[in-house]
Amino acid sequence: MAAREAVLTLQAEVAQREEELSSLKQRLAAALLAEQESERLVPVSPLPPKAALSRDEILRYSRQLVLPELGVQGQLRLATASVLVVGCGGLGCPLAQYLAAAGVGRLGLVDYDVVEVSNLARQVLHGEALAGQAKVFSAAATLRRLNSAVECVPYAQALTPATALDLVRRYDVVADCSDNVPTRYLVNDACVLTGRPLVSASALRFEGQLTVYHYGGGPCYRCVFPQPPPAETVTSCADGGVLGVVTGVLGCLQALEVLKIAAGLGPSYSGSLLLFDALGGHFRCIRLRKRRPDCAACGERPTVADLQDYESFCGSSATDKCRSLQLLGPEERISVVDYKRLLDSGSPHLLLDVRPPVEVDLCRLPHALHIPLKHLERRNAESLKLLGEAIREGKQGTQEGASLPIYVICKLGNDSQKAVKILQSWTDLDSLTVRDVVGGLMAWAAKIDATFPQY
Amino acid sequence: MAAPLSVEVEFGAVVNPGKRAVRSLLFDGVKKHQVTLPGQEEPWDIRNLLVWIKKNLLKERPELFIQGDSVRPGILVLINDADWELLGELDYQLQDQDSILFISTLHGG
């Protein structure tokens with residue numbers, strides 16, 4: 001029985017420790033918030049020049065100090081360099097981690113967003129305990145544990161045209177680790193107007209791109225992309241997906257370029273663009289154009305003399321959050337609550353799930369018919385047959401001659417509206433009522449069934 | 001009379017809304033195309049290559065790739081791994097065995 005007793009004692013001890021841990025986590029979260037209040041007030045002064053490395057610094061950085069290309073002079077430059085990290089997500093986390101480890105003097109961290117569980121697969125400075133906290137405080141706390149000599153300045157706010165110039169001017173090098181088009185133009189223009197080099201990386205799915213803008217006579221972002229892409233052609237990581245290692249590889253390459261600039265070695269990717277295809281395993285380097293004399297930002301007669309409204313310039317918002325489309329009138333839509341009521345009443349209908357197959361594999365409502373939006377757009381013959389059969393079958397449950405209502409669902413309620421529009425345009429469709437479910441399956445998970453997966 | 005040309009046309013990170021890559025939507029998912037451009041009176045340049053692509057490779061929704069007689073904003077054209085701006089953009093005359101890569105700028109992070 002002694003063994004049984006030992007088990008019980010240990011169980012009690014584990015429970016007690018868990019309680020202590022949870023209380024510690026709460027205190028940490030509160031301390032991080034308090035820190036936010038105090039740090040907002042502290043103005044940033046220029047880093048003082050540094051004449052020599054201490055004994056501890058020589059030991060700590062010894063492996064990079066013995067590189068003749070870097071040496072003591074390079075390390076001293078790093079120690080007095082400041083880098084502004086715009087975005088503490090998939091790119092910003094690995095970038096900031098390596099810059100802090102290498103001994104960069106000061107890191108400014110900009111991000112308005114909070115840590116979400118779906119960030120953790122790639123945003124490697126954030127941990128489970130700090131979900132819901134501002135990313136900049138979570139990142140700063142991890143970086144301080146890594147290297148307490150590095151000064152981290154968190155800015156828990158979006159970079160805006162009102163704040164960008166003031167902020168960028170305080171730093172020597174800027175790393176664009178953002179996730180949306182308006183911010184990329186904003187960061188570029190702020191760097192051009194303040195004369196700061198911009199190290200820019202981006203990633204989506206299995207692909208990444210890296211380049212250095214506005215350095216040593218090279219092009220700026222606007223030289224290469226004078227016009228923003230149409231908003232409907234832009235895909236975010238939330239929408240298109242991304243593999244964490246891909247942002248990790250790009251963030252590390254970006255950190256390397258920042259370090260070389262800060263240490264005085266000069267970058268490798270000014271005027272050239274590195275393409276990374278993670279699925280094929282290819283790196284490819286492209287020769288970019290020179291600075292354009294007619295560039296609106298860095299040209300000879302620039303028209304960008306001050307920062308502008310980048311969200312209206314790009315026709316999209318400065319976040320990577322999904323926009324809500326409004327294609328249908330209220331009478332063409334149904335809430336998840338009303339749909340649940342209809343489902344429980346046993347009223348005959350057809351539920352059509354238009355998500356791509358990869359998302360249906362994640363989770364689905366068992367009674368839904370699955371036809372991807374793409375197939376509806378293309379009038380895929382096999383899908384039309386499936387739909388026709390499902391309508392015929394469903395009609396057997398209705399009263400003689402009554403038409404079968406169709407409800408269309410997707411993840412968030414955007415694609416479902418597009419699908420309703422398509423179905424409404426089909427005159428041969430044997431259904432008079434086609435509506436979509438507002439907010440889609442994520443609203444279903446939030447309001448109806450808490451066990452339904454969210455993604 | 002210009003002789004027929006063999007060129008490689010490749011679609012890199014060309015993406016469109018939502019979850020589907022444009023190259024799978026527009027070009028049947030094929031990334032690299034080895035194409036033979038027939039002999040014609042005037043020499044082949046990028047301008048008429050785009051017309052040829054629209055007619056022969058684009059499957060649907062050309063507006064996601066083409067705007068007017070050029071590519072839409074956000075797409076970069078690379079000729080033998082160099083920015084087309086260095087080579088005359090639409091007016092660049094294609095040579096046999098040239099490689100033309102279309103990529104779009106990525107914004108995620």
Side-chain angles (χ1 to χ4, degrees), chain A residues 87 89-92 176-181 183-184 201-205 207-209 219 221 223-242 247 250-251 273 275 277 280 284-290 292 320 355-356 358-359 373-374 377-378 414-415 418, chain B residues 8 10-32 46 58-68 70-90 92 98-109:
Chain A
L91 296 164
D176 186 349
C177 306
S178 69
D179 59 11
N180 64 83
V181 190
T183 302
R184 293 201 177 263
S202 57
L204 185 69
R205 299 193 180 99
E207 290 180 280
Q209 300 172 351
Y221 186 59
C223 293
V224 184
F225 300 107
Q227 288 301 318
E232 67 273 17
T233 66
V234 175
T235 309
S236 71
C237 290
D239 242 10
V242 67
T247 51
L250 267 295
L273 172 67
L275 308 176
D277 170 359
R284 190 161 171 179
C285 192
I286 298 302
R287 197 154 50 89
L288 284 180
R289 63 197 66 184
K290 305 272 177 276
R292 284 185 71 116
D320 76 335
R355 293 173 302 148
V358 69
E359 293 182 30
L373 176 64
K374 190 159 95 178
E377 284 171 344
R378 291 178 165 183
N414 287 339
D415 279 359
K418 294 181 193 167
Chain B
E8 184 183 88
E10 186 179 346
F11 302 94
V14 181
V15 289
N16 92 325
K19 284 108 185 162
R20 303 165 298 274
V22 150
R23 67 165 181 257
S24 65
L25 181 68
L26 300 183
F27 305 103
D28 265 357
V30 180
K31 198 173 170 184
K32 261 188 201 182
I46 299 287
L58 271 177
K59 296 297 171 186
E60 54 193 284
R61 302 186 71 186
E63 74 278 7
L64 295 176
F65 184 68
I66 297 234
Q67 194 174 96
S70 192
V71 289
R72 69 152 170 86
I75 290 184
L76 196 58
V77 185
L78 302 153
I79 302 164
N80 302 324
D81 284 349
D83 189 338
W84 69 333
E85 203 259 2
L86 298 165
L87 299 161
E89 300 197 350
L90 289 170
Y92 171 79
D98 271 351
S99 131
I100 315 294
L101 168 64
F102 298 90
I103 59 165
S104 111
T105 143
L106 302 177
H107 310 96

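Each chain gets a letter, A, B and so on, in the order the sequences are listed, and its residues count up from 1.
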Okay, A:R292 and chain B: the region with an atom under 4.5 Å from a heavy atom over there is side chain
Any side-chain donor-acceptor pair under 3.5 Å between A:Y221 and A:D176?
no
Among B:L78, B:V71, B:L101, find the one that has a side chain to side chain contact (heavy atoms under 4.5 Å, CB included) with B:W84.
B:V71
Could you tell me which portion of A:V242 (side chain, backbone, both or neither) has an atom closer than 4.5 angstrom to a non-hydrogen atom of chain B?
neither
Which portion of A:L275 sits near chain B, non-hydrogen atoms under 4.5 angstrom:
side chain
Contact class of A:R289 relative to chain B, heavy atoms under 4.5 angstrom
both
Scored by heavy-atom pairs under 4.5 Å with chain B, the best of A:G90, A:A201, A:G251, A:A203 is A:A203
Which heavy atom of A:Q209 sits nearest to which heavy atom of A:L250, and what is that distance?
O-CD1, 3.4 Å
Output the option from A:L273, A:N414, A:L288 having the highest count of non-hydrogen pairs under 4.5 Å with chain B.
A:L288
Go through the steps for A:R284 and B:D81 under the test salt bridge (Lys or Arg N to Asp or Glu O under 4.0 Å), then give the verdict.
CA-CA 8 Å; A:R284 190 161 171 179; B:D81 284 349; 3.0 Å; yes
Residue pair A:R184 / A:S202: nearest heavy atoms and the distance that separates them:
NH2-CB, 3.7 Å
